[in-house]
Every structure is written in structure tokens, then in C-alpha cells.
Amino acid sequence: GRVYCQSLAITRYVASFTDFEGETPDEKMCVNMFVETLYDLNARYDEVVKEKDQSIKARMREIAYESYFPVFLSKLEGMLSDSGPFILGDRMTWGDIVVMSFLELKTNP
């Protein structure tokens, strides 16, 4: 058998066999867009976390919380549906599971 890697690719692949992907191409795109934006935010967060110099890290954290975190969070909020608690509104998708996992990992390292 084939060995697969990259958890996000595997998650998308598995979702393609379920109702967790989105019903239309537009819904699928919305879920992918949300998750990719979250991963962009995470990449910026990791830059701050990995910085070894504490004075540089403090300045990076300040810039992150004052500038790009609000921009990313605003983008994510703008992508959410008004019709329910999930990315697509009333239906949970693989993207919602990624978001919940992400928040769990970041709040309980």
C-alpha cells in the first residue's frame, strides 16, 4: 500500500469520502479557504514562539498582537456563515474539526 503524509492533505482526502467536505464546489472552497487562513495565522504565531532572543520575541509578540493577528482573525470571522456555529453555518465540516484541534493545541500545549 501507499504511505501518505501531510495531515492536512490526509484530512481533505478522508473528508472527500464523507459529508464533511461541503456539498458544492463553493462550500468546499470556503472550508479550504478558512483552514488555509488559519494555517497562515499559525505560521506567524510559530515565528514568535520559536524566537530564542527574549527581547526580540517580546517585540515580535507585540507586533503580532497589534497588527497581523487582528487582520487574520478579522478575515476568519468574515468567512464564517451567519446561520450557525460552524464554518458553513449549521453543518460541521472537516475544517471545523481542524479549527477545534488547533484551538485545543494552542490553549493546552
Side-chain angles (χ1 to χ4, degrees):
R2 176 178 258 165
V3 176
Y4 296 102
C5 64
Q6 294 296 332
S7 61
L8 200 53
I10 293 167
T11 303
R12 283 187 182 111
Y13 176 73
V14 171
S16 73
F17 295 101
T18 70
D19 293 336
F20 271 41
E21 188 180 30
E23 294 177 0
T24 66
D26 187 61
E27 286 183 348
K28 293 172 187 178
M29 179 62 180
C30 287
V31 173
N32 279 302
M33 201 168 50
F34 194 94
V35 171
E36 292 296 335
T37 302
L38 181 67
Y39 270 66
D40 290 345
L41 173 65
N42 186 58
R44 298 301 296 263
Y45 175 80
D46 284 348
E47 290 173 10
V48 174
V49 171
K50 291 177 182 177
E51 176 57 51
K52 302 259 188 256
D53 184 303
Q54 293 304 311
S55 62
I56 295 173
K57 186 179 215 168
R59 180 67 182 132
M60 288 174 73
R61 184 179 293 117
E62 182 181 323
I63 292 168
Y65 283 95
E66 289 177 3
S67 62
Y68 58 81
F69 283 178
V71 170
F72 277 104
L73 294 173
S74 177
K75 285 180 183 180
L76 289 170
E77 186 176 30
M79 291 180 205
L80 291 173
S81 170
D82 291 333
S83 62
F86 304 113
I87 296 169
L88 295 181
D90 62 347
R91 288 188 337 271
M92 183 182 277
T93 65
W94 69 271
D96 297 292
I97 295 169
V98 169
V99 170
M100 288 185 278
S101 298
F102 174 83
L103 293 173
E104 178 66 25
L105 286 171
K106 296 303 177 188
T107 55
N108 298 307

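Quick note: numbers below take in every heavy atom, side chains included, and nothing from hydrogens, waters or symmetry partners.
Counting all heavy atoms, side chain and backbone alike, C5 lies closest to A9 at O-CB, 4.3 Å. Across every non-hydrogen atom of E51 and D53, the tightest pair is OE2-N, 3.0 Å. Nearest heavy atom pair, residue W94 against residue E21, reads CD1-CA, 3.9 Å. Of all the heavy atoms in I87 and L80, the pair that sits closest is CA-CD2, 3.9 Å.
Annotation: M29, atom CE; neighbour count of heavy atoms from other residues, nucleotides and ligands within 6.0 Å does not exceed 12. Around atom CD of E66, more than 12 heavy atoms belonging to other residues, nucleotides or ligands sit under 6.0 Å away. For D46, the CG atom sits in a packed shell: over 12 heavy atoms of surrounding residues, nucleotides or ligands are nearer than 6.0 Å.
Side-chain contact check for I63 versus M60: every heavy-atom pair is 4.5 Å or farther apart. Between F69 and Y45 there is a side-chain heavy-atom pair separated by less than 4.5 Å. Residues V99 and F34 meet the side-chain proximity criterion, which asks for heavy atoms closer than 4.5 Å.
Two different hydrophobic clusters hold V35 and I10 under the rule that ILVMFWY side chains link at heavy-atom gaps under 4.5 Å. Both F102 and Y68 belong to a single network of hydrophobic side chains, linked directly or stepwise wherever heavy atoms of I, L, V, M, F, W or Y lie under 4.5 Å apart. In this structure, F20 is not a member of the same hydrophobic cluster as V14, with clusters built from ILVMFWY side-chain heavy atoms closer than 4.5 Å.
Of the inter-residue distances, the one linking L8 atom CG with N32 atom CG reads 8.0 Å to the nearest 0.5 angstrom. The structure places CG of L88 at 12.5 Å from CE of M79, a figure rounded to the nearest 0.5 Å.
When atom types are taken as modelled, the side chain of D90 and the backbone of S83 share no donor-acceptor pair closer than 3.5 angstrom. One N or O on the side chain of S101 and one on the backbone of I97 form a donor-acceptor pair closer than 3.5 Å. Judged purely by atom type and a 3.5 angstrom limit, K57 uses its side chain to pair as donor or acceptor with the backbone of V49.
Residues meeting the salt bridge (charged side-chain N to carboxylate O under 4.0 Å, His left out) test with R91, sequence neighbours left out: E23, E27.
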**OP:** Given side chain to side chain donor-acceptor pair (under 3.5 Å), test T37 with D40 step by step and report yes or no.
**Re:** CA-CA 5 Å; T37 302; D40 290 345; 5.1 Å; no

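A salt bridge does not link K75 with E36: none of the charged nitrogens is closer than 4.0 Å to a carboxylate oxygen.
None of L103, L76, L73 except one satisfies the side chain to side chain contact (heavy atoms under 4.5 Å, CB included) rule with L38; the exception is L76.
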